[in-house]
Structure formats: structure tokens, C-alpha cells
Amino acid sequence: MKLKIKDTFNKLLPSDPVTENTRRQVPKSCFSYVSPAKTKKAEMLHVSKETLETIGLSSKEAMSDEFLKVFTGNQIIPNTSPYAMCYGGHQFGNWAGQLGDGRAINLAEVLHNDKTWTLQLKGAGATPYSRTADGLAVLRSSIREYLCSEAMHHLGVPTTRALSLALSGDEVLRDVLYNGNQAYEKGAVVCRVSPSFLRFGSYEIFAVRQDMKTLKTLVDYTIKQLFPELSRPSKDSYVTFFKEVVERSLEMVIHWQRVGFVHGVMNTDNMSILGLTIDYGPYGWLEGYDPDWTPNTTDSQHRRYRYGNQPDVVLWNLYQLANALYPLIEESTGLEAVLESYKIEYEKRFLEMMKSKIGLVSEENDDAILIKDLEDILQLTETDMTLFFRSLSNLNKNDTLNGLAVISEAFYNPVEVSDSVRQGWNEWFERYAIRLQQETLSDSERKEEMNAVNPKYVLRNYMAQLAIDAADNGDYSVIDELFTLLKSPYSEQPKYEKWFAKRPEWARHKVGCSMLSCSS
Ligand code: AMP
Ligand code: MG
């Protein structure tokens with residue numbers, strides 16, 4: 001297996017001088033050296049061909065025994081020193097202290113086509129940051145991370161990638177609903193791939209500990225290695241760096257809102273400094289269009305991480321990052337100005353994005369109102385977000401009396417849609433029809449544009465759950481089918497038409513489909 005190793009993180013940043021793998025606070029260090037645990041009987045279940053190519057490996061190499069061993073933690077790549085990263089984080093609004101890679105172990109950085117990628121195993125054993133947990137991951141959550149991160153990539157959403165999904169052969173004890181019902185599940189290891197796994201919490205930890213030296217070292221490293229287009233580290237460039245992080249985070253959350261992705265645990269330790277979607281846990285996809293929806297049962301009371309709140313949470317998280325960077329800059333106006341611009345920029349980008357979803361290109365003053373009214377009416381009766389926007393592109397400009405018929409498949413309970421709601425829809429379609437007359441695109445051109453931003457297929461929770469249930473019984477074909485389907489989420493795929501459907505009723509209140517916890 002030929003990988004071009006180019007480690008920087010563990011070469012240029014301060015390491016934990018203690019090399020014993022014991023759980024503890026790790027001061028003044030960005031990482032601790034740690035070896036992955038050997039597993040009982042590793043078995044590779046799936047490999048992403050696209051990610052393989054991204055890091056410069058062939059499908060043939062992926063079939064090797066070496067690949068299996070390396071990406072399940074049973075063998076270390078020659079001349080590398082695996083490590084777990086130290087970070088902290090704000091969890092559900094409160095500072096949680098040191099967290100760190102509790103069950104993630106970075107293997108190495110590899111260079112391919114002028115890009116550097118960090119390879120990281122998730123679920124490969126305990127580290128100094130494992131606190132009270134075991135450092136392992138179960139098959140259920142690993143399938144969810146593996147499928148979703150690749151699906152997000154193909155949707156055009158900035159994300160970490162997944163290279164491989166393997167069974168460890170070990171049994172892992174979990175209490176899925178945190179209600180005292182522990183059970184053994186199959187253990188698994190996913191190899192994730194990203195230019196970097198640094199998070200907002202990676203910087204916060206040093207600011208909170210008032211360790212300005214390590215904070216500066218890490219920020220300077222970040223700018224040099226990951227934001228080389230910015231000028232050399234200086235007080236000015238720290239603000240420019242922050243601005244870049246703000247822009248990327250904004251871009252990421254706009255995409256989430258576009259495709260209906262709800263992250264579920266947007267703690268600052270789960271916010272990538274590169275603006276990538278990271279840490280796929282109790283995430284979900286909006287089915288009925290409901291801004292208050294969250295898939296995470298742990299968050300069901302306050303719904304901090306509900307769909308409609310994600311853009312504000314990104315901003316809240318950016319404030320925490322700004323606080324962490326402040327000691328290096330000692331001047332708040334620059335950071336404040338950048339934070340101020342987020343809201344204005346978000347409104348602008350959100351409007352553009354929503355306009356694209358309904359096929360509007362030209363500028364009209366009332367577009368924001370038309371969209372706001374659409375969001376309101378979508379909530380009056382349970383309406384599937386994906387089906388709605390995808391179907392809307394079938395409307396003909398001159399036949400908008402037909403609006404309701406075109407989108408009615410998206411209603412979860414068509415017979416219960418009241419006359420007043422129907423009336424509301426008809427009025428909205430009348431306004432939409434008038435607005436479409438101001439557009440120059442033909443129906444087919446508009447349809448093509450809309451279908452490029454409104455996915456036909458997303459990884460609904462019940463779909464992931466079907467793949468999990470089958471895999472639990474040793475059948476990995478659903479994983480492969482969904483993986484293949486989600487490579488082309490915007491394309492018509494007649495043979496997979498069955499996945500272009502509302503969530504079935506059996507999945508409405510099922511664990512894993514509508515109710516997810518952080519247990520993974
Ligand atoms: P998460 O909510 O998954 O982002 O995890 C928050 C923190 O808990 C991170 O520091 C994780 O590394 C750690 N963590 C989560 N699950 C485990 C586990 N099974 N073993 C060790 N650490 C874990
Ligand atoms: Mg995390």
C-alpha cells in the first residue's frame with residue numbers, strides 16, 4: 001500500500017510528554033501519542049472508492065490484508081506515530097472542559113495531488129481523552145457516519161469524508177436510550193478523512209487554560225498549514241483568519257438548510273475550523289418541514305439544535321471561537337465587525353439559496369416575502385421537504401392552477417389537508433405563477449436548475465436504519481445500495497425510485513428513525 005506520508009500536526013505542534021495511555025487532563029499539548037487497540041476479528045464491510053482515489057490508493061490496494069489491518073487499527077503505517085488530539089468544547093451552551101479525541105485516533109497525514117489529508121480511525125480504542133467511556137464505536141453509529149458523510153459530499157455540502165467501514169469483531173456495551181437497558185452491539189471502526197480535524201474547541205481549551213503560548217502556536221500552525229492563502233500569522237491575519245472561518249461556517253450551514261440536514265449536536269467541539277460538517281452522531285433529515293424539529297432526544301426539551309436554530313447556533317459558536325482568539329489580538333473591534341456581518345450575510349445568502357430552490361433567478365423586491373410565506377404554509381400541514389421541492393420543479397409556468405396537484409404527493413396525510421390550507425396553497429401558487437412570469441428560463445431550464453439544488457435522494461433516518469438492521473443480520477447489501485444511490489442525489493435513478501418516498505408510517509416513532517441519542 002503506497003501512501004505518501006507527510007505528517008505536520010504531530011511534527012510541528014507540542015506533544016503530551018506523558019506517553020502512557022491513561023485518562024487524564026493533558027496540559028500545554030495539542031495531542032497525545034497513542035496506539036490503536038488491536039481488535040478481535042476485523043472484517044472490512046465497505047470502502048469508498050472516491051475517498052480511496054482522493055488519498056491516492058487503488059481499489060486493488062483496498063483489497064489487501066494490509067489495508068484491512070491499517071484501517072482497523074491492527075497495524076501501524078511504517079514511520080508514523082498515531083495520536084489523539086486535545087480539545088475542549090461548549091456542550092449545550094456550557095463550557096465542558098477538556099474533551100479531546102476520546103475514541104478517535106489519527107493515523108497520519110498523507111499527501112496526494114498537492115492536498116494533505118489526515119486519516120483518522122473512529123472507534124479504535126481508548127485514549128487519554130476517553131474520560132469514563134470505552135473509546136469504541138458500534139456498527140449502528142458507524143454505518144450512519146460512513147453513509148452520511150459520503151452522501152453529504154455528493155450533495156455538495158462541505159464535510160469530512162469516510163474511507164472505510166469495518167467490523168472490529170469485538171462486542172461493545174451500549175445503553176441506546178439511556179434508560180438502563182444496556183445491551184451488547186457489534187463494534188466497528190470507520191476511517192475518516194479530512195484536511196484537518198481541528199475544531200473550535202481545539203482553540204478554546206488553550207484560551208480557557210490561559211495557555212497563550214500553545215494557543216498562538218496552534219493558530220499560527222493552522223494559518224500556515226490550512227489557510228496558506230492568508231498572509232503570514234500576525235494580529236491582522238488572526239482577524240482575517242477568523243473572517244475566513246466565519247465565511248466557511250456560514251457556507252456550511254446554508255447548505256444544511258438547503259438539503260434539510262439537522263446536525264443534532266452542534267457543540268463547539270463538533271465545529272470544524274475548516275467549516276466542514278463533522279461528527280455524525282444523532283443527526284437527521286427533515287421529513288415534514290418543521291423548523292422546530294431535532295432528531296436528538298437528548299436535546300428534545302430545549303431543542304437548542306433544532307433545524308431552524310442551526311444558523312444562530314453557528315453564530316453562537318463563532319462567538320466562542322472569537323473569545324478564544326481575542327487574547328492573541330487584544331482588540332475586539334475587528335472580531336466584532338466580522339461577527340456583526342454574519343447576520344446580514346446570512347440573510348442574503350439564505351434568500352439566494354431559497355430562491356434557487358424555487359427556481360427564481362432575477363431580482364424582485366417581494367421575493368423574501370414570497371419565501372417567508374412559503375415556509376409558513378409548509379408548516380400548516382405535515383409536508384415532506386425533499387418531495388416538495390423536488391416536485392415543485394414539475395410545475396409549468398402557464399399551468400399554475402395545478403400547483404397543489406403537482407406537490408400533493410409531499411403531504412403526509414393528503415385527506416386531512418383542510419380547505420383553508422388548500423386555499424392558502426392556491427393563493428401562494430397564484431403569486432408564484434405571477435412571479436415565474438418575470439423569469440426568462442423555460443420550464444425545462446428552470447426544472448434543470450431546481451433539480452441541481454433540490455436533491456431527489458437524501459439519507460432519511462429510516463433508510464439508514466434499514467441498512468443497520470440488515471447489517472446486524474450480516475447482510476451488507478443495503479449499505480451498498482444506499483451508498484450507490486447517494487452518490488448521485490440529484491439524478492433521476494429509476495431503479496431506485498422506491499427511495500424517493502415519504503418516511504413510512506412504521507418509522508414515525510421508531511428508535512433510530514425519529515429518536516436518536518448520542519449513544520454511539
Ligand atoms: P460527541 O458528542 O460524539 O461529539 O463526543 C463528545 C466527546 O466525548 C468527545 O471528546 C468524544 O471523543 C467523547 N466520546 C464520545 N463517545 C466516546 C466513547 N465511546 N469513548 C470515549 N470517548 C467518547
Ligand atoms: Mg464530537
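Order of listing sets the numbers, starting from 1, for every ligand and every atom in it. The model shown is predicted, which means the values in this text are computed figures rather than measured ones.
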*asked:* Give the residues near ligand 1 by chain and number, with the criterion being a heavy-atom distance under 4.0 Å.
replied: Tyr87, Gln91, Leu99, Gly100, Asp101, Gly102, Arg103, Ser130, Arg131, Ala133, Asp134, Gly135, Leu136, Arg174, Asp269, Asn270, Asp279
*Determine the sole option in Thr159, Thr160, Asn270 for which the side chain to side chain donor-acceptor pair (under 3.5 Å) test with Tyr280 is passed.*
Thr159
*Are the side chains of His255 and Leu155 in touch, meaning some heavy atoms are under 4.5 Å apart?*
no
_Does this structure show an ion pair linking Lys186 with Glu171, if we count only N-O contacts that are shorter than 4.0 Å?_
no
*At distances under 2.8 Å, what protein N, O or S atoms surround the Mg ion (ligand 2)?*
Asn270 OD1, Asp279 OD2
*Backbone N/O of Gly102 and side chain of Ser130: donor-acceptor pair under 3.5 Å*: yes
*Can you list every pair that meets salt bridge (charged side-chain N to carboxylate O under 4.0 Å, His left out) and has a residue in residues 277-298, with sequence neighbours left out?*
Arg192-Asp279, Arg199-Asp279, Glu287-Arg460, Glu287-Arg503, Asp292-Arg306
*Do any pairs count as a salt bridge (charged side-chain N to carboxylate O under 4.0 Å, His left out) and have a residue in residues 15-30, sequence neighbours left out, and if so which ones?*
Asp16-Arg24
*Does the distance from a Lys or Arg side-chain N to an Asp or Glu carboxylate O, for Glu347 and Lys343, drop under 4.0 Å?*
no
*Under 3.5 Å, is there a donor-acceptor pair between the side chain of Ser520 and the main chain of Cys518?*
yes
*asked:* Could you check whether any side-chain N or O of Asp384 sits under 3.5 Å from a backbone N or O of Thr386, counting only pairs where one atom can act as donor and the other as acceptor?
replied: yes
